[in-house]
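Comments concern the structure below.
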Amino acid sequence: MIKLLSAKQYGKTLKATIQSSGRLGFTDNSAKEFELDQPTWIKLAEDDEAPDTLYMVVLRQADEDAFQVCKAGNYYYLPTRYLFDALDYDYVGKKIMFDIVRMKDMDHDFGGPVYRMKRRFGKAQKEESDD
């Protein structure tokens, strides 16, 4: 079987960044793709074989194991500070971002749309001056 790969589907850049507060913030493109303007909860999962990868499941109903998406102005985020502290992510000293890719073949196993979040590092967070 031949499957057409649409540039429209793969032309979007989906990203999220851990803010210095520990919140996981989503870019505008990501917020639109995940339809975060609706009530949304997100489950996160680790991959034991890929320590730089998390998986995200987008849900439309409350789940006690999921983070409820919060909104501040036009900005959507997850309150993930304690999670990233427990995972020992240095989000204060380093800029940690995730490149996000849709993983449709995993939807059935996790009960919702699944996305792979590949961690990468940007320039170091600005250090506060002692002035």
Side-chain angles (χ1 to χ4, degrees):
M1 174 163 75
I2 297 174
K3 179 181 173 186
L4 181 64
L5 302 173
S6 169
K8 186 170 88 173
Q9 181 180 356
Y10 298 104
K12 296 178 188 172
T13 302
L14 302 178
K15 296 182 182 183
T17 302
I18 303 175
Q19 307 300 320
S20 61
S21 63
R23 294 176 174 177
L24 182 65
F26 297 98
T27 63
D28 288 339
N29 277 342
S30 299
K32 288 175 187 170
E33 173 73 17
F34 309 145
E35 298 177 342
L36 298 183
D37 57 339
Q38 301 177 27
T40 309
W41 290 261
I42 293 179
K43 279 186 180 181
L44 297 172
E46 288 183 280
D47 185 341
D48 291 341
E49 297 177 10
D52 63 342
T53 301
L54 295 175
Y55 288 87
M56 177 174 78
V57 185
V58 179
L59 305 170
R60 297 290 170 221
Q61 58 191 22
D63 184 307
E64 66 181 19
D65 292 322
F67 292 94
Q68 185 170 8
V69 175
C70 301
K71 184 177 181 185
N74 292 327
Y75 170 74
Y76 293 94
Y77 69 91
L78 296 180
T80 49
R81 176 181 172 193
Y82 298 117
L83 169 75
F84 292 129
D85 285 347
L87 293 174
D88 202 27
Y89 282 22
D90 181 13
Y91 55 83
V92 175
K94 298 177 184 173
K95 184 172 185 178
I96 302 174
M97 299 165 286
F98 295 94
D99 294 321
I100 303 172
V101 176
R102 183 76 167 89
M103 304 298 290
K104 286 184 181 182
D105 59 326
M106 298 174 73
D107 290 0
H108 180 71
D109 295 335
F110 289 93
V114 176
Y115 296 83
R116 182 182 69 224
M117 301 171 56
K118 177 84 171 171
R119 184 177 61 182
R120 66 182 173 90
F121 298 96
K123 295 180 182 177
Q125 299 281 12
K126 292 182 180 180
E127 294 183 20
E128 297 192 24
S129 65
D130 294 332
D131 297 23

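Index from 1, following the sequence. Side-chain atoms are counted along with the backbone in the values below, which use heavy atoms only and exclude waters and symmetry mates.
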Do you know the tightest heavy-atom contact between Val69 and Leu78? CG2-CD2, 3.7 Å
Please give me the minimum heavy-atom distance between Lys15 and Asp99, naming the atom from each residue. CE-OD1, 3.7 Å
CE (Met97) and CZ (Phe121) are apart, to the nearest 0.5 Å, by 9.0 Å
Could you tell me whether the side chain of Asp47 reaches within less than 4.5 Å of the side chain of Arg116, counting heavy atoms only? no
Taking all non-hydrogen atoms of both residues, which atom of Asp63 and which atom of Lys43 are closest, and how far apart? OD2-CE, 3.0 Å
First locate atom CG of Asp107, then atom CZ of Arg102, and finally report the distance between them rounded to the nearest 0.5 Å. 4.0 Å
Please set out all donor-acceptor pairs under 3.5 angstrom arising from side-chain atoms of residues 48-58, sequence neighbours excluded.
residue, atom, partner, partner atom, Å
Asp52, OD2, Lys118, NZ, 2.7

Does the side chain of Tyr89 reach to within under 4.5 Å of the side chain of Thr80, using non-hydrogen atoms? no
Look at the aromatic rings of Phe98 and Phe84 and report parallel, tilted or perpendicular, splitting at 30° and 60°. parallel
Side-chain heavy-atom pair Leu44, Leu83 within 4.5 angstrom cut-off: yes
If you take all heavy atoms of Ala16 and Leu24, which pair is closest and at what distance? CB-CD1, 3.7 Å
Sidechain-backbone polar pair: Thr27 side chain, Leu14 backbone, donor-acceptor under 3.5 Å: no
Give, for atom OH of Tyr77 and atom OG1 of Thr17, the distance between the pair rounded to the nearest 0.5 Å. 15.5 Å
CZ (Arg81) and OG (Ser20) are apart, to the nearest 0.5 Å, by 10.5 Å
Looking only at side-chain N and O atoms, does Thr40 offer a donor or acceptor that is under 3.5 Å from a partner on Arg60? yes
Answer yes or no: are there more than 12 heavy-atom neighbours, outside Gln61 itself, under 6.0 Å from its atom CD? no
Residue list, side-chain hydrogen bond (donor to acceptor under 3.5 Å, both in side chains) with Asp85, at least two apart or on another chain: Tyr91
Indicate, with yes or no, if Leu36 and Trp41 share a hydrophobic cluster defined by side-chain heavy-atom contacts under 4.5 Å among Ile, Leu, Val, Met, Phe, Trp and Tyr. no
Closest non-hydrogen contact found for Met106 with Val114 is O-CG2, 3.7 Å
Only counting residues at least two apart or in another chain, list the ones meeting salt bridge (charged side-chain N to carboxylate O under 4.0 Å, His left out) with Asp37. none
Between Tyr75 and Gly25, which heavy-atom pair has the shortest distance, and what is it? OH-CA, 3.2 Å
Can you establish whether the number of heavy atoms outside Asp109 located under 6.0 Å from its atom CG is more than 12? yes
Just verifying a value: how many Å separate Arg120 CZ and Ile96 CD1, rounded to the nearest 0.5 Å? 12.0 Å
Rounded distance [0.5 Å steps], CG in Asn29 versus CD1 in Ile100: 10.5 Å
Check the pair Phe34 / Tyr115 against ring-ring contact (aromatic ring centres under 6.0 Å, His included), numbers first and verdict last. CA-CA 10 Å; Phe34 309 145; Tyr115 296 83; 4.6 Å; yes
